[in-house]
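Since the structure comes first, as structure tokens, the remarks are kept for the end.
Residue numbers start from 1 in every chain, and the chains themselves are labelled A, B, ... in the order their sequence lines are given, proteins ahead of strands. These figures come from a predicted structure and were not determined experimentally.
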Amino acid sequence: MPSTAIVWLRRDLRLHDHPPLHAALAAHDHVVVAFVLDPAILTGRFASGPRTAFMLDALRELRDAVRERGGVLAIRHGRPEEELPRLAAELGAEAVYWASDATPYAMARDRGVREALAAADPPVGAVPGPGNFVADVGVPRTRGGRPFAVFTPFFRVWGTLDRRAVHRAPQAIPRPPGGITAGTIPSPADLGLADDLVGERAVEPGETAARAALQRWLDGPLPDYADQHDHVAAGSSALSPYLRFGCLSPRELEERAARRGGAGAEAFVRQLAWRDFYAHVLLHHPGDARHEHQERMRQLAWEDDAEGLRAWREGRTGFPLVDAGMRQLRASGWMHNRARLVVGSFLTKDLGIDWREGEAWFMRWLLDGDVASNNGNWQWIASVGVDPAPAFRRILNPTLQQQRHDPDGEYVRRWVPELRGVPDELLAEPWRMSDAQEDAAGCRVGRDYPAPIVDHKEERQRALARYRDVPAAASS
DNA sequence: ATACAGTTGGG
DNA sequence: CCAACTGTA
């Protein structure tokens, strides 16, 4: 009696190095690849037009890739705990395979699916497996047996964890005989997202584009990554949207970077470890998704500053690097990581606005918007999360950061065109231009480009006071 | 003299 | 990480 399995895709939209797909093909005669368009994707707390559109494009390509291998990608619309048992019954499938995730939503959803499959008649097996992280993020523990809350010791242990083999893409994905309703992949317009997209996506969706970008990265800039990664005009891999949707396997990335060796590859693998670290943290502290990891910091007095928030979102704070980053995000769905730190410090320290406002805005626009990494990084720059450091070490001076990380102004001039004529020496502090310099630059501060909305030096002092004045944690 | 490299203190 | 301070040229 031939057996059939379902491979349920979620954030792992690829055929290369896909452990659940590999395992299902090894154990069953027929495999159906499935994707469930969960309403939570479209209406949940972190719904995002640009990200949903990216995902739909990746799915379309994947459907064709599965088809070329003789298989079928079944698209279903609805809640996974209802759609998967129904699909299993339709196919007579014995088991559903998937790659585990770490967010509270995914954990609860997957538990519901497991229970619904077990309760089906006949019961359907649930086979969660690896695939979304380099290593098993549920495993590492400190000597004291606790989950890690500091990156460096996590990284040491992470480096010693078992690594699974990297799998090739399957040559064939045999589908069961008989008809299967493939289902339709909607267009962004079908979902009412047409007005909620970015103009020029930072990267092209899909596994083919992802693998080409990876190859270019490995053959090109990777060796210089250790020195260059903070250069906002270039420097980083920009592979993050592919990791977000699993168009690339993080484990394969590690393997292929490590094979090149050198300081650049090492620094790049370290960044992959940060991604695993934040998944590890959220897995063990699901409450972090909504509130500060540091209990004491839950009493921080955030400012209510609608005008400041608007200026930040729109990239008109008067600090060129901040504005360049925010405009890059809005225009392309991506922002260089160094710029993320600078705009994050500016929102939470200079403006004193709640980091959750920044987290939500990033989740709305980032193609790589990932709950664990985004939340972890926002808490990090807001000095309220894991990997603790005193606030004064994470108040970034936007002017110094620009001079250091965009010294020739390439990034700022690209994203803040009204500053293009400003000479390098003044580009980080355009408000210091004389009238004559403004005329020469063709840019008058206060008219063509905003005057700074705050005094950084003053806000730095106010931020230090805000953090200093948080009451000590109540003793129990 | 001011400009800069290096050091230090900050919760 | 930043800013203030120190010593040096």
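Nucleotide dG10(B) holds its P atom 17 Å from the NZ atom of Lys457(A), rounded to whole Å.
A heavy atom closer than 4.0 Å to some atom of DNA chain C occurs in Arg460(A), these being the qualifying members of residues 459-467 of chain A.
Val137(A) and Asp276(A) get closest at one heavy-atom pair: CG1-O, 3.5 Å. Looking at every heavy atom in both residues, His167(A) comes nearest to Pro19(A) through CD2-CA, 3.9 Å. When every heavy atom of Phe319(A) is checked against every heavy atom of Val454(A), the shortest pair comes out as CZ-O, 3.5 Å. Scanning both residues, Pro320(A) and Ala428(A), for their nearest heavy atoms gives CD-O, 4.0 Å.
For the residue pair Asp288(A)/His293(A), the side-chain donor-acceptor check at 3.5 Å is satisfied. Between the side chains of Asp38(A) and Tyr105(A), at least one donor N or O lies within less than 3.5 Å of an accepting N or O.
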Return a table of donor-acceptor pairs under 3.5 angstrom between the side chains of residues 233-241 of chain A and protein atoms on other chains or two or more places apart.
from, atom 1, to, atom 2, distance (Å)
Ser237(A), OG, Leu239(A), N, 3.1
Ser240(A), OG, Trp334(A), NE1, 3.0
Ser240(A), OG, Asp368(A), OD2, 2.6

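With respect to Glu252(A), the salt bridge (Lys or Arg N to Asp or Glu O under 4.0 Å) criterion is satisfied by exactly one of Arg163(A), Arg14(A), Arg211(A), Arg164(A): Arg211(A).
Heavy atoms of Arg394(A) sit nowhere under 4.0 angstrom from any nucleic acid atom.
When DNA chain C is scanned in the 5' to 3' direction for atoms under 4.0 Å from non-hydrogen atoms of chain A, the outermost contacting nucleotides are dC1(C) to dA4(C).
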